[in-house]
Amino acid sequence: MVREKIRIRFSKTGDLRLISHHDLMRCFERMLRRASIPYRSTAGYNPKPRLIFALSLPLGISGAEEVVELELNEELSADDIRERLAQQAPPGLEILSARLIEPKTTAHVQSIRYRIAVAGDRCEGLHEKIDALLASSECWIERQRPRPRKIDVRPCLLDLRLVAEALEIDIAVTPNGTARPDEILDLLGVCDLLEAGAILERIKMELVDECAAPPCPAIASSVEGHES
């Protein structure tokens with residue numbers, strides 16, 4: 001029986017951004033055991049902590065405020081859990097906050113924000129490209145997996161802006177899918193920034209139950225795959 005459920009915000013930066021989501025899950029499992037937190041486990045021959053990450057973080061991307069939820073077998077304060085986990089966290093993983101939530105609540109991501117540094121000489125002409133992309137009614141990209149297809153990612157693109165020599169990308173997450181930040185960079189003609197070593201950061205994650213406004217139905221219903 002679930003006694004408590006807790007939502008944890010954490011950051012994953014530095015060299016830790018190079019570990020996979022699977023390795024991140026194992027890292028949290030070790031932290032929970034070492035912190036002696038009474039978590040609820042899955043059933044079966046190989047029980048695992050009932051951890052639910054709101055949205056997996058792609059390899060190589062750092063996360064400033066990621067979300068994971070944990071089910072507990074005993075009542076503990078959120079501050080106690082945060083402090084215990086913080087003491088066991090490896091370099092690059094910081095426990096930012098923890099709060100108790102209703103056991104039936106599950107994190108559903110509404111929107112995410114990415115940021116990538118853009119050198120001054122690359123900003124020239126980028127404002128015009130941003131304005132043109134935001135003014136477009138359609139933005140078609142091609143994906144190869146799981147099958148070749150064309151997708152209009154414009155309904156998921158909420159905003160683009162240059163801030164202090166950095167590009168910020170706001171993307172909606174819908175039940176039908178979302179856009180990838182590298183796809184938006186490619187549409188802007190600056191995808192080579194990643195190849196040159198620029199680090200992509202996921203700096204914000206908004207959850208449906210934490211936002212005053214519900215997700216836009218038009219966005220949720222308009223992202224569809226179209227065959228080539």
Side-chain angles (χ1 to χ4, degrees), residues 1-44 46-115 168 170-175 178 181 199-215:
M1 179 179 177
V2 182
R3 296 295 299 275
E4 299 282 358
K5 192 172 185 180
I6 190 160
R7 179 175 293 168
I8 300 165
R9 291 266 183 176
F10 67 96
S11 63
K12 177 190 173 192
T13 59
D15 291 342
L16 210 65
R17 67 185 175 83
L18 300 175
I19 72 168
S20 67
H21 181 68
H22 179 71
D23 288 336
L24 178 64
M25 292 176 64
R26 293 197 298 178
C27 177
F28 263 91
E29 290 175 17
R30 290 193 295 268
M31 289 165 56
L32 289 170
R33 288 194 295 268
R34 292 170 181 170
S36 299
I37 292 177
Y39 56 80
R40 187 184 180 208
S41 298
T42 59
N46 188 24
K48 300 286 185 180
R50 293 186 66 87
L51 279 169
I52 301 176
F53 289 82
L55 192 65
S56 61
L57 191 63
L59 190 67
I61 299 179
S62 65
E65 51 173 49
E66 300 299 293
V67 175
V68 63
E69 293 178 344
L70 172 67
E71 295 181 6
L72 304 174
N73 281 331
E74 298 179 14
E75 295 182 1
L76 286 178
S77 72
D79 287 340
D80 189 12
I81 292 174
R82 184 189 59 78
E83 291 175 4
R84 290 197 202 183
L85 287 177
Q87 291 174 0
Q88 303 300 328
L93 197 157
E94 181 180 359
I95 306 300
L96 304 174
S97 65
R99 71 180 184 90
L100 295 174
I101 59 175
E102 290 294 325
K104 293 183 179 180
T105 301
T106 300
H108 293 289
V109 181
Q110 177 168 301
S111 65
I112 44 183
R113 177 173 298 166
Y114 292 95
R115 180 173 61 198
E168 292 186 352
D170 289 350
I171 299 175
V173 180
T174 80
T178 186
I199 296 176
L200 190 61
E201 304 171 89
R202 191 156 75 189
I203 62 173
K204 188 175 183 180
M205 182 183 295
E206 290 189 338
L207 305 181
V208 173
D209 65 290
E210 293 180 352
C211 296

**Q** Under 4.5 Å between any side-chain heavy atoms of Leu32 and Leu51, yes or no?
**A**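 In contact.
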**Q** What are the two closest non-hydrogen atoms of Ala78 and Ala98, and how far apart are they?
**A**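 Ala78 and Ala98 have their closest heavy atoms at CB-O, 3.3 Å.
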**Q** Please step through side chain to side chain contact (heavy atoms under 4.5 Å, CB included) for the pair Arg202 and Leu57, ending with a clear verdict.
**A** CA-CA 8 Å; Arg202 191 156 75 189; Leu57 191 63; 3.4 Å; yes
**Q** Is the shortest side-chain heavy-atom distance between Leu24 and Phe53 below 4.5 Å?
**A** yes
**Q** Could you state the interatomic distance from CG (Leu96) to CD (Glu66), rounded to the nearest 0.5 Å?
**A**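 The CD atom of Glu66 is 10.0 Å from CG of Leu96, to the nearest 0.5 Å.
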**Q** Within a strict 4.5 Å, meaning less than it, do heavy atoms of the Glu206 and Arg113 side chains meet?
**A** no
**Q** Quick one: closest heavy-atom pair of Arg26 and Asp23, and the distance?
**A**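 Where Arg26 meets Asp23 most closely, the heavy atoms are NH2-OD1, 2.9 Å.
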**Q** Just how far is it from atom CD1 of Ile203 to atom CZ of Arg115, taken to the nearest 0.5 Å?
**A**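 These two atoms lie 4.5 Å from each other.
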**Q** Using 0.5 Å steps for rounding, measure from the OG atom of Ser77 to the CD1 atom of Ile6.
**A** 8.0 Å
**Q** Do the side chains of Glu210 and Lys204 get close enough for a salt bridge, i.e. N-O under 4.0 angstrom?
**A**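 Between Lys204 and Glu210 there is no salt bridge, as every charged N stays at least 4.0 Å from the carboxylate O atoms.
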**Q** Within a strict 4.5 Å, meaning less than it, do heavy atoms of the Arg9 and Ile95 side chains meet?
**A**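 Result no, sub-4.5 Å side-chain heavy-atom pair not found.
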**Q** Can you tell me how far CD of Glu4 sits from CD of Glu102, rounded to the nearest 0.5 angstrom?
**A**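 Answer for the CD-CD pair, Glu102 versus Glu4, is 9.5 Å.
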**Q** Strictly below 4.0 Å, N to O, side chains only: are Lys48 and Glu29 in salt-bridge contact?
**A**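 Here Lys48 pairs with Glu29 in a salt bridge, since their nearest N and O are under 4.0 Å apart.
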**Q** State, to 0.1 Å, how close Ala172 and Thr178 come at their nearest heavy-atom pair, and which atoms those are.
**A**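 For Ala172 versus Thr178, the nearest heavy atoms are O-OG1, 2.7 Å.
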**Q** Indicate the atoms forming the closest heavy-atom contact of Asp209 with Arg99, along with that distance.
**A** OD2-NH2, 3.9 Å
**Q** Taking C-beta and beyond as the side chain, do Arg84 and Ile37 meet within less than 4.5 Å on heavy atoms?
**A** yes
**Q** Starting at SG of Cys27, measure out to CG of Leu16 and round the result to the nearest 0.5 Å.
**A**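 Going from SG on Cys27 over to CG on Leu16, the span is 6.0 Å.
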**Q** Would Arg17 and Ile199 count as a side chain to side chain contact (heavy atoms under 4.5 Å, CB included) here? Give the steps.
**A** CA-CA 10 Å; Arg17 67 185 175 83; Ile199 296 176; 3.7 Å; yes
**Q** Which atoms form the tightest heavy-atom contact between Ala54 and Met205, and what is the distance?
**A**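 Looking at all heavy atoms of both residues, the closest pair is CB-SD, 3.9 Å.
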**Q** Please examine the side chains of Leu72 and Ile81, heavy atoms only from C-beta on, and report whether any two atoms are closer than 4.5 Å.
**A** yes
**Q** Are Met31 and Pro90 side-chain neighbours, meaning at least one heavy-atom pair lies under 4.5 Å?
**A** yes
**Q** Should Thr174 and Gln110 be marked as a side chain to side chain contact (heavy atoms under 4.5 Å, CB included) after you check the CA-CA gap, both sets of side-chain angles, and the distance that decides it?
**A** CA-CA 7 Å; Thr174 80; Gln110 177 168 301; over 6 Å; no
**Q** Could you tell me the separation between the CD1 atom of Ile52 and the CE atom of Met25, rounded to the nearest 0.5 Å?
**A** 10.0 Å
**Q** Evaluate the side chain to side chain contact (heavy atoms under 4.5 Å, CB included) criterion for residues Tyr39 and Asn73: first the C-alpha distance (whole Å), next the side-chain angles of each, then the deciding distance (0.1 Å), finally the verdict.
**A** CA-CA 6 Å; Tyr39 56 80; Asn73 281 331; over 6 Å; no
**Q** Are Arg7 and Ser97 packed together at the side-chain level, in the sense that at least one heavy-atom pair is separated by less than 4.5 angstrom?
**A** no
**Q** Indicate the atoms forming the closest heavy-atom contact of Pro103 with Lys5, along with that distance.
**A** O-CD, 3.4 Å
